[in-house]
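Counting starts at 1 for both ligands and their atoms, following the listed order.
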Amino acid sequence: MKEQLEAIKIAASKAVDAANSEKEIEELRVKYLGKKGELTALLKQMGGLSPEERPKMGQLVNEAKQTVEKLICEKSEELKAKATELKLKAETIDITMPAKKKTVGKLHPLNTVLDDMIDIFQSMGFDVLDGPEVETDHYNFECLNVPADHPARDMQDTFYLGENLILRTQTSAAQVRTMETRKPPIRIICPGRVFRADEVDATHSPVFHQIEGLVVDKGITMCDLKGVLEQFAHEIYGPDTKVKFRPSFFPFTEPSVEVDVTCSECGGKGCRVCKGSGWIEILGAGMVHPNVLKMCGIDPEVYSGFAFGIGLDRLTTTRYKISDIRLLFENDKRFLGQF
Ligand code: DAH
């Protein structure tokens with residue numbers, strides 16, 4: 001039995017030496033020290049020994065057990081230390097390496113200006129609505145007092161998707177949808193994309209943006225329209241900006257005006273941006289035509305209203321001194337990154 005014990009000790013020591021992982025160490029622990037392990041088996045065999053030999057042998061087996069246990073523990077600690085060292089090495093940070101470049105997204109200039117406009121109108125109590133880009137003839141023209149064959153249709157070159165289906169040429173279509181679904185008092189703006197079959201050049205694009213405004217209530221007059229638009233122009237362009245109302249024509253308003261502001265580039269002296277006039281046109285507006293109110297189910301004898309349509313692209317190009325409207329739609333990051 002003594003020899004057996006020695007043999008086990010030598011074998012265990014070799015095996016522990018050769019072990020290379022926590023898993024192998026655990027297997028050795030079971031093999032030698034477990035319930036069915038080799039040393040435990042020896043202890044069980046002691047029943048066959050004489051009473052004098054038994055305590056001696058018992059002591060030897062226990063000593064062997066402690067030796068093997070110690071070997072296993074030491075090896076296990078060693079392996080753990082090695083693993084930690086490897087992990088630390090793998091995770092070291094080279095602080096001399098150049099940092100990764102982070103590109104941060106920015107708002108498109110059109111969105112920045114739109115957000116400002118929304119803030120201004122919301123502070124005056126306007127709701128912000130959305131309208132469909134694919135519209136029917138009914139909402140885009142008919143109910144805005146532009147029947148089929150009316151010459152005013154020539155003012156806007158239309159993309160047709162079907163006989164009655166078009167891409168909206170103006171956000172004014174939202175006026176009709178609003179009046180059909182809301183009762184006065186109405187105070188809304190509707191920003192969005194509009195589409196016209198225009199030739200593309202530095203000031204024209206087949207897709208551009210408008211913000212429609214509509215106010216309907218009892219006793220609304222041209223003074224309210226002037227007040228709101230002047231306030232808007234002062235907030236967007238600064239308090240010294242002058243605002244000019246020129247008589248104009250739109251089929252859905254009577255009277256109609258076009259609104260100019262003093263050129264923000266030259267302050268009104270005349271320059272390349274305002275083509276020497278000192279003024280820049282920013283919107284069309286007017287008092288809602290009684291026919292339009294009627295077609296939308298609102299009694300023009302009781303209610304009156306004003307409406308306006310602001311060109312967002314023009315406002316953006318003048319604010320940022322952008323010389324070509326096409327830049328707004330090309331999504332060139334080198335251009336957009338400047339704002
Ligand atoms: N829809 C017009 C256009 O696209 C702009 C406009 C003018 C809108 C007068 C209005 C308005 O609401 O009252 O040219």
Next on the checklist: As a quick check of understanding, evaluate side-chain contact (heavy atoms from CB on, under 4.5 Å) for Gln210 and Leu312, giving each step before the final call.
Outcome noted: CA-CA 5 Å; Gln210 291 184 332; Leu312 176 63; over 6 Å; no
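The two residues Ile325 and Thr317 come nearest to each other via the heavy atoms CA-CG2, 4.3 Å. Of all non-hydrogen atoms in Ile280 and Cys263, the two that sit nearest each other are CD1-SG, 3.9 Å. Across all non-hydrogen atoms, the minimal contact from Ala64 to Lys9 is CB-CD, 3.7 Å.
The shortest N or O to N or O distance between Phe250 and ligand 1 is not under 3.5 Å.
The proximity of Ala285 to ligand 1, defined as any non-hydrogen pair under 4.0 Å, is limited to the backbone.
Ligand 1 does not have Arg168 within reach: every non-hydrogen atom of the residue lies 4.0 Å or more from it. Using a 4.0 Å heavy-atom cutoff, Phe252 is listed among the residues neighbouring ligand 1.
Counting atoms of ligand 1 from 1 in the listed order, those under 4.0 Å from a heavy atom of Thr253 are 13 (O). Listed by atom number, the atoms of ligand 1 under 4.0 Å from Gln210 heavy atoms are 3 (C), 4 (O). Every atom of ligand 1 is numbered from 1 in the order shown, and the set under 4.0 Å from a heavy atom of Gly286 is 13 (O).
The protein heavy-atom contact nearest to atom 12 (O) of ligand 1 is Glu212 OE2, 2.5 Å. The nearest protein atom to atom 8 (C) of ligand 1, hydrogens excluded, is given as Gly309 N, 3.3 Å; this is a heavy-atom distance. When hydrogens are left out, the protein atom nearest atom 1 (N) of ligand 1 is Gln170 OE1, 2.8 Å; that is the closest non-hydrogen contact. The protein heavy-atom contact nearest to atom 14 (O) of ligand 1 is Arg196 NH2, 3.9 Å.
Salt-bridge annotation for Glu69 and Arg29: absent, with no side-chain N of the basic residue lying under 4.0 Å from a carboxylate O of the acidic one.
Each of Thr136, Ile166, Val176 was evaluated against Phe141; a single residue qualifies, Ile166, per the side-chain contact (heavy atoms from CB on, under 4.5 Å) test.
Ring orientation note: the planes of Phe339 and Phe335 are nearly perpendicular, at an angle over 60° on the 30°/60° scale.
A distance of 6.0 Å or more separates the ring centres of Phe232 and Phe126.
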